[in-house]
Engineer: 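For reference, the structure I am asking about is given below.
Lettering of chains follows the sequences in order, A, B, ..., and the numbering in each one begins at 1. Computed over heavy atoms, backbone and side chain alike; hydrogens, waters and symmetry mates excluded.
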Amino acid sequence: MLDSIASLGRAGLAAVASLGRAHLLLIGILGGLPSMLIRPRLLVAQVYNLGVLSLLIILVSGLFVGMVLGLQGHYVLSQFGAAESLGVMVAASLVRELGPVVTALLFAGRAGSALTAEIGLMKATEQLSGLEMMAVDPVKRVLTPRFFAGLISMPLLAALFSAVGVMGGWFVGVGLLGVDDGAFWGQMQSKIDFNEDVLNGVIKSLIFGVVVTWIALFEGYDTSPTSTGVSRATTRTVVHAALAVLGLDFVLTALMFGG
Amino acid sequence: MPSFSSHPKQRSDQMESGSTTSRSSGDGSQRAATEALVRVRGLHFRRGEQRIFDGVDLDIPRGLVTAIMGPSGTGKTTLLKLISGQLQADAGEIEVDGQSIGSLSRSELYALRTRMGMLFQSGALLTDLDVFENVAFPLREHAKLPESVLRKLVLIKLEAVGLRGAARLMPSELSGGMARRVALARAVALDPTMIMYDEPFTGQDPISMGTLTSLIRQLNDASGLTSIVVSHDVSETAEIADHLYIIANGQIMASGSPREVAASDSAWVRQFMDGEPDGPVHYHYPAAPLEQDLLHSAVH
Ligand SMILES: Nc1ncnc2c1ncn2[C@@H]1O[C@H](COP(=O)(O)OP(=O)(O)O)[C@@H](O)[C@H]1O
Ligand SMILES: [Mg+2]
């Protein structure tokens, strides 16, 4: 009994301590911003690594999600004789929810896990210590460009996801199921509000980008430098990032659309 | 007969002559204090329950090759990390060139590190850069050189370790020994005043072993470097070192010139230097008798 209380306490302390380390790391990462701006090439390389290389999975997923939305939406809406609202439904669900959330989940799996493994292996192979010994701060040099690349890539990927998703919905709704083309676009144009829908979606995806990249970098940097340590850290990145994204999505949705 | 207790006096004249070359570059007033480039006093360090250093005093004399030997797992790598400020001592004082490592700010520590080279056990090359760029890395970071000068400098450094032809290979295409030599070229790229070698001999074939030992000696003597070689290879290390420290169980077990240490009559030092399986140090990790373990294996 006492043992289990003690181990609960230990786990709690460990969690708080790692939360503290994560915040210290974030401060260190942000402190690297000025030196990164002097050398934008490092940032560009990481935007390529994290963003461009994630494009394929994001575009393909977006297309399928949009097509499914078109099918399901048409099925429900046509029961109420409101099939012309399909465009609004597809666009709103993508821009507000599915775009940011699904993109963040895919981004955590595709780019976040790769980030953790890369940083963890750099630690395990003493590359980070090597940088330290060459008087180069590994946080500023290695982590900062990756962090800002994640922050830039996520909203762009989410926007592409939504755009391709709308095309998928249009293809199924208008192309296959015979919804009126003009109604599809016209209703979408009049009902989707820029501030209310689009901007809130962008804010969401920006926050998810920060959280996913931060978790991935922290797990890699904080890993125990062994192959087991790196593999566990990679798993933790995907699990923690997914939970954080879904939990935050509820909070953000309640704040943005609740009132 | 030389004994360990008397070695500081016997060595003092040799250290004197060894440091005369560096005296002209250093400030003369602090001569006595800067006799040793690195001074460690009363060093204590522990990892969890494990005491790694328990009151260690040592001096790394300027301009010489000092070897630190000991069985693996005694904390040789840890000592180098403490000296370079990657780890903080629990208690005690570490001074490098008169600066106390523990009290330096981050930027002061980084400034000091540009004058230190360290050769990691694994090489620690950046895997996303090729050999040339790895050696160029510290130069690009800290010396603003025109590209043509930088290229020449890097090629000279690579030539010195015999790997100019490998300049465009990636680290994953190198053998362990080659990676170590590239790392050596990188460690001396900024012409440091001190260089630390962590197990430079493991994984080297006899030819590169020979070149490496002479390279370490040459670098040390030609450019007035101070070298610290950490190793558990007794013969190679004793061959190039001017001064030896043997550490075990968190303490200095012996120190002196290689000849003095080799002539030691301490049973422990004898066992380490001659590589005998039995003696004061046990090869086996403490365990119950083998018969007992084998007979009761079903219990587990
Ligand atoms: N990151 C670490 N965390 C915990 N213990 C460590 C770590 N690194 C080394 N140790 C322990 O410290 C001791 C000394 O390690 P090290 O300095 O690498 O030994 P050596 O280089 O002499 O072989 C070893 O017993 C090792 O288990
Ligand atoms: Mg070691």
Engineer: Report, as yes or no, whether the 6.0 Å neighbourhood of atom CZ on Arg236(A) holds more than 12 heavy atoms from other residues, nucleotides or ligands.
Structural biologist: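 Correct, the count exceeds 12.
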Engineer: Below 4.0 angstrom, N of the basic side chain to O of the carboxylate: do Glu141(B) and Arg39(A) qualify?
Structural biologist: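 Salt bridge present between Glu141(B) and Arg39(A).
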Engineer: Could you tell me whether Arg51(B) atom CZ has more than 12 heavy atoms of other residues or ligands within 6.0 Å of it?
Structural biologist: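 Not buried by this count: 12 neighbours or fewer within 6.0 Å.
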Engineer: Which answer fits Leu128(A), side chain, backbone, both or neither, if we ask what part of it has an atom under 4.5 Å from a heavy atom of chain B?
Structural biologist: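 For Leu128(A), no heavy atom lies under 4.5 Å from chain B.
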Engineer: List the atom of Phe137(B), the atom of Val136(A), and the distance in Å for their closest heavy-atom pair.
Structural biologist: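 Looks like CE2-CG2, 3.9 Å.
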Engineer: What do you reckon, is CZ of Arg41(A) surrounded by more than 12 foreign heavy atoms closer than 6.0 Å?
Structural biologist: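 For Arg41(A), atom CZ is not crowded (no more than 12 foreign heavy atoms under 6.0 Å).
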Engineer: Check the surroundings of atom CZ in Arg21(A): do more than 12 heavy atoms from other residues, nucleotides or ligands lie under 6.0 Å from it?
Structural biologist: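 Yes, CZ of Arg21(A) has more than 12 neighbouring heavy atoms, counting only those of other groups under 6.0 Å.
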Engineer: Can you tell me how far apart OG1 (Thr77(B)) and CD (Glu126(A)) are? Round to the nearest 0.5 Å.
Structural biologist: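 If we round to the nearest 0.5 Å, Thr77(B):OG1 and Glu126(A):CD are 7.5 Å apart.
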Engineer: Between CG of Asp128(B) and CD of Gln127(A), what distance do you get to the nearest 0.5 Å?
Structural biologist: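 Asp128(B) CG to Gln127(A) CD: 7.0 Å, rounded to 0.5 Å.
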Engineer: Mind ranking Gln121(B), Arg106(B), Lys81(B) by heavy-atom pairs under 4.5 Å with chain A and telling me who comes out on top?
Structural biologist: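 Greatest number of close heavy-atom pairs with chain A: Arg106(B).
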Engineer: At a 4.5 Å cut-off on heavy atoms, which part of Leu125(B) comes close to chain A: side chain, backbone, both, or neither?
Structural biologist: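 Just its backbone gets close to chain A.
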Engineer: So for Thr127(B), is it side chain, backbone, both, or neither that comes closer than 4.5 Å to the heavy atoms of chain A?
Structural biologist: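 Looking at Thr127(B), backbone and side chain both touch chain A.
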Engineer: Above 12 or not: heavy atoms from other molecules or residues under 6.0 Å from CZ of Arg164(B)?
Structural biologist: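 Counting other residues, nucleotides and ligands, CZ of Arg164(B) stays at 12 neighbours or fewer.
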Engineer: List the atom of Thr114(B), the atom of Ala135(A), and the distance in Å for their closest heavy-atom pair.
Structural biologist: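 So the two residues come closest at CG2-CB, 3.7 Å.
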Engineer: Specify which of Leu131(A), Thr125(A), Asp137(A) makes the most heavy-atom pairs with chain B at under 4.5 Å.
Structural biologist: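 Of the options given, most contacts go to Asp137(A).
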Engineer: List the atom of His142(B), the atom of Met134(A), and the distance in Å for their closest heavy-atom pair.
Structural biologist: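 His142(B) and Met134(A) have their closest heavy atoms at NE2-O, 2.6 Å.
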